[in-house]
Amino acid sequence: MEPALVALQQRLQHQFANPALLQRAITHRSFSADNNERLEFLGDSVLSLAISSLLYAKLASMPEGDLSRVRANLVKEGTLHKIALKLQLPDLLRLGEGEAKSGGKQRPSILADAVEALIGAVYLDAGFAAGEKVVHHLFEGVDINPHMRAADKDPKTALQELLQGKRMKLPQYHVVEISGAAHKQTFKVECTIAEWNISAQGSGASRRMGEQAAAAALLEKVKAKNP
């Protein structure tokens, strides 16, 4: 294995039994069909659960709504971008030529996605306990306490809390279309509330941004339907 990837494992505090997973986690879709998008999907869920368990233990007196907003603050793109920089991911990402020339190695959305992909790779390599351990290690430098500022509700969190308050199922998101050159793609995402039979679409420069835009559009529909 390349010395740079050996060093990355040391920073993660996880040694891969299957090094191919690590290689895939740092591979952007512009570089190869064998890229990190599916790992990112897994890592997003592992990250959310691992942070939830951390907050549940550390913020025992905080109500559910505030816990959700603090979690949203911890798993947002800006926080993951900072973690990516500490892991020195810009030097390790494998990008297509066009994406690399357009500054992709410094793009926060790509770096945040790579962090999630690494978490997903650890999960596949060694299970949830190992993934949770890595997540907790990555967030060791964050001061988590009962007085920390909860993030303002982003559209996805606001929509989720609205539906949970009504004892309804969570909204479903799926990518409708990916357009544009490999280094400058646009993701069109649809958000659906099956129980109300309504949906809305939104677009963004990443899947994450597309989901937020779709959630915001659907919130407007919900407010019109249930003012």
Side-chain angles (χ1 to χ4, degrees), residues 1-16 18-51 72-126 128 130-142 173 175 178 180-187 189 204-212:
M1 182 179 288
E2 298 174 25
L5 294 185
V6 173
L8 175 59
Q9 289 180 104
Q10 293 171 347
R11 292 192 290 274
L12 287 170
Q13 294 191 0
H14 177 80
Q15 184 171 351
F16 280 82
N18 182 1
L21 287 169
L22 177 59
Q23 191 82 285
R24 188 182 306 149
I26 60 171
T27 302
H28 188 255
R29 62 181 174 269
S30 64
F31 185 90
S32 169
D34 185 21
N35 57 59
N36 64 10
E37 286 189 327
R38 287 170 58 83
L39 289 176
E40 176 202 340
F41 168 78
L42 270 180
D44 178 68
S45 297
V46 175
L47 173 64
S48 181
L49 181 54
I51 289 297
N73 194 27
L74 293 176
V75 303
K76 68 183 181 181
E77 182 178 290
T79 305
L80 297 180
H81 176 225
K82 291 177 182 178
I83 289 174
L85 295 179
K86 288 182 179 179
L87 290 173
Q88 300 175 32
L89 291 187
D91 297 330
L92 298 173
L93 288 179
R94 301 202 301 169
L95 303 175
E97 184 178 355
E99 186 67 71
K101 285 183 176 179
S102 68
K105 287 194 173 186
Q106 302 298 329
R107 190 163 295 131
S109 61
I110 290 178
L111 290 167
D113 290 347
V115 171
E116 289 185 335
L118 282 169
I119 294 167
V122 173
Y123 166 75
L124 283 184
D125 189 63
F128 176 75
E132 182 179 45
K133 183 178 179 181
V134 166
V135 170
H136 289 183
H137 164 63
L138 294 177
F139 282 81
E140 276 179 355
V142 179
Y173 297 89
V175 178
I178 302 176
H183 65 283
K184 195 175 182 180
Q185 293 183 320
T186 298
F187 290 74
V189 177
S206 68
R207 174 186 58 82
R208 190 193 315 271
M209 294 171 67
E211 288 179 353
Q212 292 287 4

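Just so it is clear, the structure is predicted and the values come from calculations on it, not from any experiment. Just the heavy atoms: all of them, side chains too, but no hydrogens, waters or symmetry mates, feed the values below.
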Fill in the blank from the handout: In this structure, OG1 of Thr79 is separated from CG of Leu138 (nearest 0.5 Å) by 12.0 Å
Practice task
Output all residues satisfying side chain to side chain donor-acceptor pair (under 3.5 Å) with Asn18, sequence neighbours left out; order by chain, then residue number.
Solution key: none
Handout entry: Contact summary for Gly104 and Ile110, nearest pair of heavy atoms
Key = O-CD1, 3.7 Å
Handout entry: Results of side chain to side chain contact (heavy atoms under 4.5 Å, CB included) for Gln23 - residues two or more places apart only
Key = Leu5, Ile26, Arg94
Exercise for the section: Output all residues satisfying side chain to side chain donor-acceptor pair (under 3.5 Å) with Arg208, sequence neighbours left out; order by chain, then residue number. Expected result: Asp113, Glu116
Fill in the blank from the handout: Taken to the nearest 0.5 Å, the spacing of Ile51 CD1 from Phe139 CZ works out to 4.0 Å
Problem - For Leu85, side chain to side chain contact (heavy atoms under 4.5 Å, CB included) partners two or more places apart - result: His81, Pro90, Leu111
Completion exercise
So the side-chain hydrogen bond (donor to acceptor under 3.5 Å, both in side chains) pairs with at least one residue in residues 6-16 (sequence neighbours excluded) are His14-Asp125
Problem - Straight-line distance of Thr186 OG1 to Ile178 CD1, nearest 0.5 Å - result: 10.0 Å
Handout entry: Min side-chain heavy-atom separation Leu47-Val115 under 4.5 Å
Key = no
Exercise for the section: Mind checking the CG-CG spacing from Leu80 to Leu118? Nearest 0.5 Å is all I need. Expected result: 11.0 Å
Exercise for the section: Identify, with sequence neighbours excluded, every residue that meets side chain to side chain contact (heavy atoms under 4.5 Å, CB included) alongside Ser45. Expected result: none
Exercise for the section: Only counting residues at least two apart or in another chain, list the ones meeting side chain to side chain contact (heavy atoms under 4.5 Å, CB included) with Ser109. Expected result: Glu77, Arg107, Ser206
Exercise for the section: Give a yes or no on this: more than 12 heavy atoms of other residues, nucleotides or ligands lie within 6.0 Å of atom NZ of Lys105. Expected result: yes
Handout entry: Under 3.5 Å: donor-acceptor pair, side chain of Asp44, backbone of Phe41
Key = no
Exercise for the section: Please answer whether the main-chain N or O of Asn35 pairs with a side-chain N or O of Thr27 as donor and acceptor at a distance below 3.5 Å. Expected result: no
Problem - Set of residues satisfying salt bridge (Lys or Arg N to Asp or Glu O under 4.0 Å) with respect to Glu211, sequence neighbours excluded - result: Lys156, Arg207
Exercise for the section: Under the side chain to side chain donor-acceptor pair (under 3.5 Å) rule, collect the residues that match up with Asn36, sequence neighbours excluded. Expected result: none
Problem - Straight-line distance of Leu8 CG to Leu89 CG, nearest 0.5 Å - result: 6.0 Å
Completion exercise
Quick note, salt bridge (charged side-chain N to carboxylate O under 4.0 Å, His left out) partners involving residues 18-28, not counting sequence neighbours, are Arg24-Asp34
Handout entry: Separation between CG of Leu95 and OG of Ser32, rounded to the nearest 0.5 Å
Key = 12.0 Å
Practice task
May I ask you to test the Val135-Val122 pair for a side-chain heavy-atom distance under 4.5 Å?
Solution key: no
Exercise for the section: Kindly indicate whether the side chain of Val134, heavy atoms from C-beta on, has any atom under 4.5 Å from the side chain of Tyr123. Expected result: no
